[in-house]
Number of protein chains: 2
Amino acid sequence: MAVAGGRSTKRLQRGTLSQGLIVGTALRILDEDGPDALTFQRLGKELSSSATAVYRHFASRDHIMVAVAEELDRISLEGYEPHESWTESLRDLAIRAWNTALDHPAAAALCMGRVTRGVHELRAVDAVLEAFHRGGWRGREAVLHYQAFSNFILSMASNNAWRLVNQRFGAEVNWVQEYQPADPDAYPYAEAAKEHLRSVDMTEVFHRQTDILLAALEAEAATLPRD
Amino acid sequence: MAVAGGRSTKRLQRGTLSQGLIVGTALRILDEDGPDALTFQRLGKELSSSATAVYRHFASRDHIMVAVAEELDRISLEGYEPHESWTESLRDLAIRAWNTALDHPAAAALCMGRVTRGVHELRAVDAVLEAFHRGGWRGREAVLHYQAFSNFILSMASNNAWRLVNQRFGAEVNWVQEYQPADPDAYPYAEAAKEHLRSVDMTEVFHRQTDILLAALEAEAATLPRD
DNA sequence: ACCTGAACACCGTTCAAGT
DNA sequence: ACCTGAACACCGTTCAAGT
């Protein structure tokens, strides 16, 4: 009889572990118990292997995080096809990233948008550039727009992911401190906004911002030379 | 004679440490050696105190980070006055946040935009809301725009801060991996963009995005009722 | 009241030893 | 070749002891 709960078989058979299995398990741990829960100890426990066995498949914790980032890219793009309208393609890609961050906030907070140099990242880059190409941009201008767009999307999504993480798993540090006793009405606008501030839906804010951005891009595209 | 380098006086006199001194030191450590350098050990060394003395002034590492976030707010707003044009006020506030993140990338990456409940955060909230009030928005609509604007600015700034951190202090994990051997020209757009991608100036991208956002806000403001 | 030093639990990582 | 277990250096935090 071994530790607790499971098949107390002595040793993991040879080919059990793999990069894919480890990444999937890491993502599940992050989803269930937040960023701090992902340790080698915990990984080993969930894989019912020794903690250090993971080092046969990943060189370090950071390499695991890059692989998780790739997995987020994969999840985001699953089933994506370009739309007829290039703006709809961009909107679709934006919403996919946003939803992935909602589904996996801890993983998104830790590594969304990290450079992975993997296929799925490459697919995402290509999909965005394809849309801008269809919009009429070429060369350096297309790349600038790609950067602005993807940076905007990933920034908003991962920033919101942090908010969710702190809400769900966070130490409640944020709610302890008080505004300094001085100046009760020196900040009238902030004071008046207090009640509204709690009820803001960030997804609504994100959609609004995306609409504004896409409208601006459409207006700019109208001024470009057509092939 | 004590360890090395400094005045080997035995004990720190009573009132030497303070929250302000600790925050300033923490920020300097982050600036010089990146996110991982900020440890209690290092703090104690720089303050020439014992590592645990800091606990008299902050309850935990996280409380220090919140105080650093407040300091970033303070630095950003230093000398700020509303402009005649409300859009110029917003642009000024945006650029201030961006520049603070450039000056203190490690601190910005770790805690920029965190809820601090401090005076300087309150000042920032009030300054943004004041601008939107002047633009003509009221009540819930004003708060929604505040959220969208500040979230956009802080997301872009702290996201860029992470890029800088990984560049300056980072483990060079990102540059090891290769694209999968398959499909050399299955991603033609990404392939064609490769050379441009390296030379993109994120500050230029940020200014462009801010311009787009402010233009959209100005257009929307024109449709609002005037007092 | 504030600072120090030893101690504790935990974490990432290394490595010799098993199969 | 892959998995295990002991060991190492380090980190945040606690606490009794100094002044």
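Values reported hereafter were calculated over all heavy atoms of this structure, with side chains retained and with hydrogens, waters and symmetry mates removed. Just so we're clear, the structure is a prediction, and the values are computed from it rather than from any experiment. A note on names: the letters A, B, ... follow the listed sequences, proteins ahead of strands, and every chain is numbered from 1.
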*Where each residue is assigned the nucleotide of DNA chain C containing its nearest heavy atom, which of Q41(A) and A51(B) is assigned the position nearer the 5′ end?*
A51(B)
*asked:* Any donor-acceptor pair under 3.5 Å linking the side-chain atoms of H207(A) with those of T210(A)?
replied: no
_Less than 4.0 angstrom from a charged side-chain N to a carboxylate O is my criterion; do E78(B) and R74(B) meet it?_
yes
_E195(A) and R198(A) ion-paired at < 4.0 Å_ = no
_Under 4.0 angstrom between R14(B) side-chain N/O and dA1(C) OP1 or OP2_ = no
_Looking at dC3(C), I'd like to know if its phosphate oxygens (OP1 or OP2) sit under 4.0 Å from a side-chain N or O belonging to R56(B)._
no
Length of the [atom1]-[atom2] vector between [X] and [N], whole Å:
X	N	atom1	atom2	answer
R61(B)	dC10(C)	CZ	C1'	15 Å
L43(A)	dT13(C)	CG	P	12 Å
K45(B)	dT4(C)	NZ	P	16 Å
L21(A)	dC3(D)	CG	P	10 Å
R11(B)	dA1(C)	CZ	P	16 Å
D36(A)	dC11(D)	CG	C1'	13 Å
F58(B)	dT13(D)	CZ	C1'	16 Å
M65(B)	dG12(D)	CE	P	11 Å

Measure from the side-chain heavy atoms of [X] and tell me the nearest of [options].
X	options	result
F40(A)	dT4(C), dT13(C), dC3(D)	dT13(C)
H57(B)	dG12(D), dC3(D), dC3(C)	dC3(C)
Y55(A)	dT13(C), dT13(D), dT4(D)	dT13(C)
T39(A)	dT4(C), dG18(C), dG12(C)	dG12(C)

*asked:* With a 3.5 Å limit on both atom pairs, tell me what dT14(D) is paired to, counting Watson-Crick and G-U wobble, or say none.
replied: dA6(C)
_Atom of M65(A), atom of L110(A) and distance for their closest heavy-atom approach_ = CE-CB, 3.7 Å
*What nucleic acid atoms does L38(B) come within less than 4.0 Å of, heavy atoms only: base, sugar-phosphate, or nothing?*
sugar-phosphate
*Touch class at under 4.0 angstrom, heavy-atom based, for T52(A) against every strand present*: base
*Check whether the side chain of S60(B) and the base of dG12(D) form a donor-acceptor pair under 3.5 Å.*
no
*Ring centres of F40(A) and Y55(A) under 6.0 Å apart?*
yes
